[in-house]
Asker: 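Quick one: this structure, given as structure tokens, is what I'll be asking you about.
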Amino acid sequence: MEKLLLASPDVPTLWNYRREMLLSREATTDGGLDENETQLELALTQKCLMKQPKSYAAWHHRLWIVRRRPALAKDELSLCAEFLKLDERNFHCWNYRRMVAEMAGEAVEDTRAFARDRLQVNFSNYSAHHCLAKTLPASMDAEAAREELSTARQALFCEPDDQSAWWYHADVLRRCEAEADLVDAEIATLRELRDLEPGSKWPALALLRLLLRTPRAATHVEVARLHADLRRIDPAHAHMY
């Protein structure tokens, strides 16, 4: 079976059959997987993932093994780091990392630091932004929100058409307590970016949303102009605007 899996790691039926064999062996020995069997399974899945890093079935089997031996979870974080160096946007690996990090009891600060490190390599990374957002409190004070908005701003000014940073930016604004000074500063920043990138829809959309949420800072003329610009820039979503 190993040869079949190495040749085609994406076939769930093969992995299902393998798990049935392991469960049957457990039943006859009246115990869990021993150390040798566990290492064989981890070695097999690692070989399969080196061949096909986005194999749902191989990642699922590896998680199944680690859940039966939770003490291994901490070591799996190192493996995830290596895989994400090869492809920092491999969302299968990010999802696996999230689950083994929970099993390993990884500190929030460590999770956050890892996500920031990956964003330093490539800020166009939905999974890293999602991982970072998962560490944020449901309600943020102005100081914390400023720090996160500053992180997002670097990506927004470098590549204003990249969606991942904009979704993170919107998530931070949704969580913050909307202190007037913070909101005013962010509106000023978005106006600046809007002037620099008049053909990009994302600065215009973010500015419009923030102005509609903060009526005191909006004018009818500016809101109407943003609506018109968005319909012109992005005609496919004109009815939505």
Side-chain angles (χ1 to χ4, degrees), residues 49 53-56 59 77 80-102 106 108-140 142 144-176 178 182-183 185-213 226 229-230 233-237 240-241:
L49 290 169
K54 296 181 179 180
S55 170
Y56 284 95
W59 282 114
L77 296 175
C80 291
E82 293 304 312
F83 270 99
L84 290 172
K85 286 178 183 177
L86 299 174
D87 178 7
E88 68 270 7
R89 299 180 69 174
N90 184 344
F91 70 88
H92 303 75
C93 186
W94 278 103
N95 192 46
Y96 179 80
R97 189 191 189 283
R98 176 179 58 80
M99 290 183 281
V100 295
E102 290 176 0
E106 184 181 52
V108 171
E109 293 76 12
D110 292 336
T111 303
R112 186 175 297 163
F114 181 80
R116 290 193 192 282
D117 177 71
R118 291 297 85 202
L119 286 170
Q120 288 293 323
V121 175
N122 182 0
F123 60 75
S124 179
N125 191 327
Y126 282 92
S127 295
H129 277 118
H130 176 72
C131 179
L132 190 55
K134 290 280 287 183
T135 69
L136 299 179
S139 179
M140 301 175 65
R146 284 192 183 92
E147 180 181 352
E148 298 306 323
L149 290 172
S150 176
T151 299
R153 194 174 296 123
Q154 297 177 36
L156 301 181
F157 274 82
C158 288
E159 183 48 73
D161 287 324
D162 183 78
Q163 298 181 39
S164 60
W166 284 110
W167 289 122
Y168 184 71
H169 178 267
D171 193 20
V172 172
L173 286 174
R174 179 179 60 81
R175 295 169 189 256
C176 78
L182 182 147
V183 173
E186 203 57 30
I187 287 173
T189 297
L190 291 173
R191 283 173 176 155
E192 178 186 356
L193 183 54
R194 172 85 180 110
D195 290 340
L196 292 171
E197 300 289 343
S200 176
K201 81 168 187 177
W202 293 100
L205 182 57
L207 178 57
L208 177 60
R209 284 173 169 161
L210 197 53
L211 288 173
L212 292 176
R213 171 178 148 181
L226 287 168
D229 286 349
L230 284 166
I233 296 168
D234 186 20
H237 299 98
M240 181 188 74
Y241 298 127

Asker: Using residues 108-115 as the side-chain source, report each donor-acceptor pair under 3.5 Å to any protein atom, sequence neighbours left out, with the distance given to one decimal.
Answerer:
{"from": "Thr111", "atom 1": "OG1", "to": "Glu106", "atom 2": "OE1", "distance (Å)": "2.7"}
{"from": "Thr111", "atom 1": "OG1", "to": "Ala107", "atom 2": "O", "distance (Å)": "3.3"}
{"from": "Arg112", "atom 1": "NE", "to": "Thr135", "atom 2": "OG1", "distance (Å)": "3.1"}
{"from": "Arg112", "atom 1": "NH2", "to": "Thr135", "atom 2": "O", "distance (Å)": "2.8"}

Asker: Asp161 and Ser200: which non-hydrogen atoms are nearest, and at how many Å?
Answerer: OD1-OG, 2.6 Å
Asker: Taking all atoms of both residues into account, what is the closest heavy-atom pair of Ile233 and Gly199, and its distance?
Answerer: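 Nearest heavy atoms, Ile233 then Gly199: CG2-O, 3.4 Å.
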Asker: First locate atom OG1 of Thr151, then atom CG of Leu119, and finally report the distance between them rounded to the nearest 0.5 Å.
Answerer: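 Here the interatomic distance stands at 8.5 Å.
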Asker: Excluding sequence neighbours, so at least two apart, what forms side chain to side chain contact (heavy atoms under 4.5 Å, CB included) with Glu102?
Answerer: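 Counting only residues at least two positions away or on another chain, Glu102 forms a side chain to side chain contact (heavy atoms under 4.5 Å, CB included) with Arg98.
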Asker: Has Trp166 got a side-chain atom pairing as donor or acceptor with Ala152's backbone, closer than 3.5 angstrom?
Answerer: no
Asker: Please enumerate all residues that pass side chain to side chain donor-acceptor pair (under 3.5 Å) together with His130, with sequence neighbours excluded.
Answerer: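 With sequence neighbours excluded, His130 shows a side chain to side chain donor-acceptor pair (under 3.5 Å) to no residue whatsoever.
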Asker: By side chain to side chain contact (heavy atoms under 4.5 Å, CB included), which residues pair with Ala165, not counting sequence neighbours?
Answerer: His129, Ala155, Leu156, Asp162
Asker: Please determine which of Leu210, Leu208, Leu205 meets the side-chain contact (heavy atoms from CB on, under 4.5 Å) test together with Leu190.
Answerer: Leu210
Asker: How long is the straight-line distance from CD of Glu192 back to CZ of Phe157, given to the nearest 0.5 Å?
Answerer: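 Rounded to the nearest 0.5 Å, the CZ-CD separation comes out at 4.5 Å.
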Asker: Looking at Pro160 and Leu193, what are the two nearest heavy atoms and their distance?
Answerer: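 Smallest heavy-atom distance, with atoms named: CB-CD1, 4.5 Å.
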Asker: Restricting to non-hydrogen atoms, name the atom on Arg213 and the atom on Cys176 that form the minimum distance, rounded to 0.1 Å.
Answerer: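 Shortest heavy-atom contact: NH2-SG, 4.0 Å.
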Asker: With sequence neighbours left out, which residue pairs that include part of residues 114-126 fulfil the salt bridge (charged side-chain N to carboxylate O under 4.0 Å, His left out) condition?
Answerer: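 Non-adjacent pairs meeting salt bridge (charged side-chain N to carboxylate O under 4.0 Å, His left out): Arg116-Glu148.
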Asker: Listed by chain and number, what are the ring pair (Phe, Tyr, Trp, His ring centres under 6.0 Å) partners of Tyr126, not counting sequence neighbours?
Answerer: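 Testing Tyr126 for ring pair (Phe, Tyr, Trp, His ring centres under 6.0 Å), a comparison that skips the adjacent residues, returns none.
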Asker: Under the salt bridge (Lys or Arg N to Asp or Glu O under 4.0 Å) test, which residues partner Asp87, sequence neighbours left out?
Answerer: Lys54
Asker: Supply the atom-to-atom distance Arg209 CZ to Leu173 CG, rounded to the nearest 0.5 angstrom.
Answerer: 11.0 Å
Asker: Of all the heavy-atom pairs spanning Ala133 and Asp171, show the shortest one and how long it is.
Answerer: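 In terms of heavy atoms, the two residues are closest at CB-OD2, 3.4 Å.
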Asker: Can you sort out the partners of Arg89 under side chain to side chain donor-acceptor pair (under 3.5 Å), two or more places apart, ordered by chain and number?
Answerer: none
Asker: Keeping Thr189 on the side-chain end and Ala185 on the backbone end, is there a donor-acceptor pair under 3.5 Å?
Answerer: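 The answer is yes, because a donor-acceptor pair under 3.5 Å joins these two groups.
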Asker: Salt bridge (charged side-chain N to carboxylate O under 4.0 Å, His left out): which pairs involve residues 193-204, sequence neighbours left out?
Answerer: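 Listed by first then second residue: Arg194-Asp229, Lys201-Asp234.
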Asker: Between atom CZ of Arg191 and atom CG of Leu207, what is the distance when rounded to the nearest 0.5 Å?
Answerer: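 Reported to 0.5 Å precision, the distance equals 6.0 Å.
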Asker: Can you see which heavy atom on Leu230 is nearest to which on Tyr241, and at what distance?
Answerer: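 Answer, listing the atom of Leu230 first, then Tyr241: O-CE1, 3.6 Å.
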Asker: Not counting sequence neighbours, which residues clear side chain to side chain contact (heavy atoms under 4.5 Å, CB included) with Ser127? List them please.
Answerer: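 With sequence neighbours excluded, Ser127 shows a side chain to side chain contact (heavy atoms under 4.5 Å, CB included) to Phe91, Trp94, Asn125, given in chain and number order.
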Asker: Checking side chain to side chain donor-acceptor pair (under 3.5 Å) between His169 and each of Glu186, Arg174, Arg153, which is the one that passes?
Answerer: Glu186
Asker: Determine whether Phe123 and Glu159 make a side-chain contact, defined as any pair of heavy atoms from C-beta on separated by less than 4.5 Å.
Answerer: yes
Asker: Taking ring pair (Phe, Tyr, Trp, His ring centres under 6.0 Å) as the definition, give me every residue that meets it alongside Tyr96, ordered by chain and number, with sequence neighbours left out.
Answerer: Trp59
Asker: Could you work out, with salt bridge (Lys or Arg N to Asp or Glu O under 4.0 Å) as the rule, every residue matching Lys134, not counting sequence neighbours?
Answerer: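 Partners of Lys134 by the salt bridge (Lys or Arg N to Asp or Glu O under 4.0 Å) criterion come out as none, since no residue qualifies.
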